[in-house]
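Below you'll find the structure, written out as C-alpha cells, and then a few comments.
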Amino acid sequence: MLLITILAIFGMAGLVYFLHNQNEKQHQNVPDLAQVGKAVVRFGKKFPIPATSSEDDVEKQLAKYLQIHFKQVRRQFPVGDFSQRERIDIDIADGTIGIEIKLAELLRKTNERNRLLGQVDTYQARRYGKHRLWVVIVGEKGWTETPIGVEMKQILHSKGAGLIHLTFNAS
C-alpha cells in the first residue's frame, strides 16, 4: 500500500511538471529582432569563425547555435510559396525573423551588393516585412567602417533591415 501511495505521489508530481512545461512552452514569447540580434552577436563572440569559412559553413554553425535559443530554426527556408526558388539562409519561428548571411569579401562587387539588396526587398515583401530581417555580414574587423560597409548599413537601415557584422577569427 505504501509503495502504491509513493508511486502515485511521484506520478502526480511528474504529471504536474509535464503539464507546467507544456503550458510554459505554449506561452513563450515569439522572438523579436533585438533578441535574435543579441543571440547572433553572442554567437560571434563565443565561436571563432575561421577566415576560410564559406557562407554555408557560417549558416550551419549559426543555425545550430540559434536552435538552442529559439524554436523552429530552419535553414534554406522558402520565402513565399514552396514553388518559388528564393530561400532565406535562416528562418526563425515560421517567418517571424529571417537571417541572410553574406561574406564581406563578396560584397566588394557591385552586382553582389545589388543582389543582396534585391534579396532583402523580396524577403520583406513576401514574408518578413520591416524590422524582422537581419543581414549578417562575415568578414575582416573594421568592415563596417569601410565605404561599402557604411553605405550598406545606411541602405539596410532605410529598408528596415538590421545589419550585424561578425569578424573572422584573428589567428
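Computed from a predicted model, the values in this text were never measured in an experiment. Only heavy atoms go into these numbers, but all of them, side chains included; no hydrogens, no water, no symmetry mates.
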Without placing hydrogens or testing angles, list every side-chain donor-acceptor pair under 3.5 Å for residues 137-155, not counting sequence neighbours.
unit_1 : atom_1 : unit_2 : atom_2 : d
T146   : OG1    : W143   : O      : 2.7
T146   : OG1    : G149   : N      : 3.1

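- To the nearest 0.5 Å, atoms CD1 (I99) and CD1 (I90) are separated by 4.5 Å.
- To the nearest 0.5 angstrom, Y123 atom OH is 12.0 Å from F77 atom CZ.
- To the nearest 0.5 angstrom, L117 atom CG is 6.0 Å from L156 atom CG.
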* **Stepwise side chain to side chain contact (heavy atoms under 4.5 Å, CB included) check, L163 with W134** => CA-CA 6 Å; L163 182 133; W134 279 112; 5.6 Å; no
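- For the pair K102 and E112, the salt-bridge criterion is not met [side-chain N within less than 4.0 Å of a carboxylate O].
- Here the NZ-CG distance, from K109 to L116, works out to 14.5 Å after rounding to the nearest 0.5 Å.
- Here the shortest heavy-atom pairing between A39 and L66 reads CB-CD2, 3.8 Å.
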* side chain to side chain contact (heavy atoms under 4.5 Å, CB included) between Q119 and T122, intermediate numbers included -> CA-CA 5 Å; Q119 286 175 304; T122 299; 5.7 Å; no
* **Criterion salt bridge (charged side-chain N to carboxylate O under 4.0 Å, His left out) on R127 and D94, from CA distance to verdict** => CA-CA 10 Å; R127 189 171 206 76; D94 196 29; 3.3 Å; yes
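- In this structure K159 satisfies the side-chain hydrogen bond (donor to acceptor under 3.5 Å, both in side chains) test together with D121, sequence neighbours excluded.
- Within a 6.0 Å sphere centred on CD of E105, other residues, nucleotides and ligands contribute 12 heavy atoms or fewer.
- When side chains are defined from C-beta on, I88 counts as touching Y128, because their heavy atoms get closer than 4.5 Å.
- The main-chain N or O of V79 is never found under 3.5 Å from a side-chain atom of R87 such that the two would form a donor-acceptor pair.
- Exactly one residue among E59, E100, E55 makes a salt bridge (Lys or Arg N to Asp or Glu O under 4.0 Å) with R75. That residue is E59.
- Note that CG of L103 is 11.0 Å distant from CZ of R108, once rounded to the nearest 0.5 Å.
- With respect to I97, the side-chain contact (heavy atoms from CB on, under 4.5 Å) criterion is satisfied by exactly one of V36, D91, V73: V36.
- Between the side chain of R113 and the backbone N or O of L106 there is no donor-acceptor pair closer than 3.5 Å.
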* Where do I164 and V41 land on the side chain to side chain contact (heavy atoms under 4.5 Å, CB included) test, with the steps shown first? -> CA-CA 7 Å; I164 297 174; V41 170; 4.0 Å; yes
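- For the side-chain contact (heavy atoms from CB on, under 4.5 Å) test with F43, the passing option among V136, I49, I68 is I49; the others fail.
- Counting only distance, with no hydrogens or angles, the side chain of D57 and the backbone of S54 share a donor-acceptor pair below 3.5 Å.
- Taking CG of L166 as the reference point, atom CG of N169 lies at 12.5 Å (rounded to 0.5 Å).
- Every pair tested for salt bridge (Lys or Arg N to Asp or Glu O under 4.0 Å) that includes a residue from residues 30-43 fails, sequence neighbours excluded, so the list is empty.
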